[in-house]
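What follows is a set of notes on a single structure, which appears directly below.
FYI, side chains are in, hydrogens and waters are out, and symmetry mates aren't considered; it's all heavy atoms of this structure. Every value quoted in this text rests on a predicted model; they were computed, and no experiment measured them. Order of appearance sets the numbers: ligands from 1, and atoms from 1 within every ligand.
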Amino acid sequence: MCGITGYTGMLNAKDIIVEGLQALEYRGYDSAGIAFCSSSGSSNKTITIKTVGKVSNLASKLASENIDTHCAIGHTRWATHGGVTETNSHPHSCGKVTLIHNGIIENYHELANELAETGRYPVSQTDSEIAAMLIDSLYDGDPHEAIRKASERLIGAYAFCIIFEDRPGSIYSVRCGSPLVAAYCEDGAFVASDIVAIIEHSKDYFVLPEHHIAHLSSEGINVVDYAGNTYECDMLHVSWDIAAAKKGGYEHFMLKEIHEQPDALLNTITPRIINNLPDFDEDGVPDSLFTGINRVVITACGTAMHAGMLGKLLIEKYNRIPVSVEIASEFRYGNPILDEHTLVITISQSGETADTLAAVRLSTELGAKTLSVVNVKGSSIARESDYVLYTHAGPEISVASTKAYTVQLSMMYLIAYRMAMATGKLSDSEAASRVKGLLKSIDNMKRVLKYDDELNEISKKIRKVENLFYLGRGVDYAIACEGSLKLKEISYIHSEAYAAGELKHGTISLIVDNVPVIAFATQENVYAKVISNVVEVRSRGAYVILVTSAGKRVDTTLCDHHIILPAMDEEFTPFCTAVILQYLAYFTAVRRGLNVDQPRNLAKSVTVE
Ligand code: F6R
């Protein structure tokens, strides 16, 4: 949801900002803009250049300008307030103040009315411009004071990078809710929504604490709280390389990230296996977290929530305590019943999803214990949870989540096993055998990664349809939900996931000749039931793609394609079925000529409600 970045130092700031915005484009790609300081003699000017569309449009516009600047801020937008126009693009200016913003100012209407009384009127329809006007109205030569006073008035979420015309070479940053990281190295001072925009220059960085102001200059970064006290930020180090954030020869990030899954799983699982057993000691997650609870709530959004659906099945299977899975945006306003005996597990790739973060805060307020499963180090959800288990997927750039999802799945297995060990419900030998199966599933996933030609072929049929259904029961229903979401988000084909037994309670009326139905039948206890449901849709003309475990003899008249998984313990089929659904969505979107990595209207890291 909007990417922002700033740089001040010895290098050409224009180039650094454009590169940074390109790395941040996964956060929004409606429009882009840059503002920079231009000094001649004793006069300083802030120049702003914006374009509608992708960062490449901005880069082309800037290429024809002779810009020599060492201090600049840049923004790539995911539109919330106001349409996709140049006027609504960032940066926004008022008086001496120019800023870029990620987040939503909820009381912008009220502020706009007040500011009108001071003769300040917006030219755009954005909430962000109101913030620039507010800071300008409070500015009398002291940036810290103006920002502090403005923050007292602003309601909502924000990360700002601000330049003041009479402070050339300086950038001021502040945040509440929305993410911001910063780094200082010999190239200069950097600030951005995400480390991917900075990593080419520095692998060491810090997360700017909320309600603190960072002042970036070519000499360094000074962070103070609102009272003016200097604050020493904890430094973090990125373990992955810049190459991980590039396409590396693949046509799309999504395809690359699908192929990175075996490594991502290995990196996530193996540090947690000590003496063949799941172990969270290094993560600082004590067994006592699992022993004093009588209930688990898993809350997340989108794909992460689908990982939680599998988590519920696994935790209930091994621990026999009730687990509910809640969509974070519903949970936070749903008046949930939680107490100190509830463990709330949140799952998030970005660690910044606004609704999931709100769910953590609410859970803490209500006295529950919170454990988060997060991919991005130092993110808000990780920092605000009592305990965190980091997944090690590396940077996920494609908007459609793939490798972040399967590492979240792997964490669900580890949590279910460790919890059951802690409560004496799973013996060490049984846990060791489960872990062995989990590690083996990485090899099986590698085998299914070779099904690409087969799935590409199937996508020829799917690309032409308007509706499609995913079916499954239990574990396969959780997977079906993810399959349906993945297909919808990148191929724009309407799809629904159905618990196979539920289909006949209404939706089967939509099954007519040639409607594709992708059915997962990988679990023995419901295999015959799913097959009966397949017979039902088949007899109504559905085009059936059936996925089963190895060794199942399937009547060839039942389906158009039969995809057979490698032989494996059925507990671990999700790692293989995940690849199938990812490939189907990917190849279908490619065949439809769509922008796979940046689907329409979407952005990664949903930092607004
Ligand atoms: C879909 C997708 C989204 C995210 C959701 C939560 O492919 O990526 O549904 O899963 O927006 O995001 P995180 O995991 O960052 O909290």
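The closest protein non-hydrogen atom to atom 11 (O) of ligand 1 is Val606 CG2, 3.9 Å. Here the protein heavy atom with the shortest distance to atom 6 (C) of ligand 1 is Cys301 O, 3.4 Å. Of all protein heavy atoms, the one lying nearest to atom 15 (O) of ligand 1 is Ser350 OG, 2.6 Å. Protein heavy atom nearest atom 7 (O) of ligand 1, with residue, atom name and distance: Glu489 OE2, 2.3 Å.
Neither the backbone nor the side chain of Asn375 comes within contact range of ligand 1; no heavy atom lies under 4.0 Å.
A salt bridge links Asp355 to Arg332: at least one charged side-chain nitrogen sits closer than 4.0 Å to a carboxylate oxygen. Using a 4.0 Å cut-off between a side-chain N of Lys or Arg and a carboxylate O of Asp or Glu, Glu384 and Arg361 qualify as a salt bridge.
Across Thr353, Val376, Thr303, Leu357, heavy-atom proximity to atom 16 (O) of ligand 1 is greatest for Thr353. In this comparison of Ala585, Ala328, Ser401, the heavy atom closest to atom 8 (O) of ligand 1 sits on Ser401.
Counting the atoms of ligand 1 from 1 in the order shown, those under 4.0 Å from a heavy atom of Ala304 are 10 (O), 14 (O). Those atoms of ligand 1 that come under 4.0 Å of a heavy atom in Gln349, given as number and element, are 13 (P), 14 (O), 15 (O), 16 (O). Close approach of ligand 1 to Val399 is summarised as follows: ligand atoms under 4.0 Å from at least one heavy atom of the residue are 7 (O), 8 (O). Of all the atoms in ligand 1, the ones that sit under 4.0 Å from a non-hydrogen atom of Ala400 are 7 (O). Of all the atoms in ligand 1, the ones that sit under 4.0 Å from a non-hydrogen atom of Lys486 are 1 (C), 7 (O).
At least one side-chain heavy atom of Cys481 sits less than 4.5 Å from a side-chain heavy atom of Met309. Inter-residue side-chain proximity for His90 and Ser128 is flagged as met; some heavy-atom pair is nearer than 4.5 Å. Taking 4.5 Å as the limit, some side-chain heavy atom of Lys486 sits within range of a side-chain heavy atom of Thr303.
Applying the ring-ring contact (aromatic ring centres under 6.0 Å, His included) test to Phe575 and every residue at least two apart in sequence or in another chain returns Tyr413.
If you run side-chain contact (heavy atoms from CB on, under 4.5 Å) between Phe520 and each of Leu565, Val547, Leu546, Ile545, only Val547 comes through.
Between Ser484 and Glu496, the side chains place no donor N or O within less than 3.5 Å of an acceptor N or O (distance only, hydrogens not considered).
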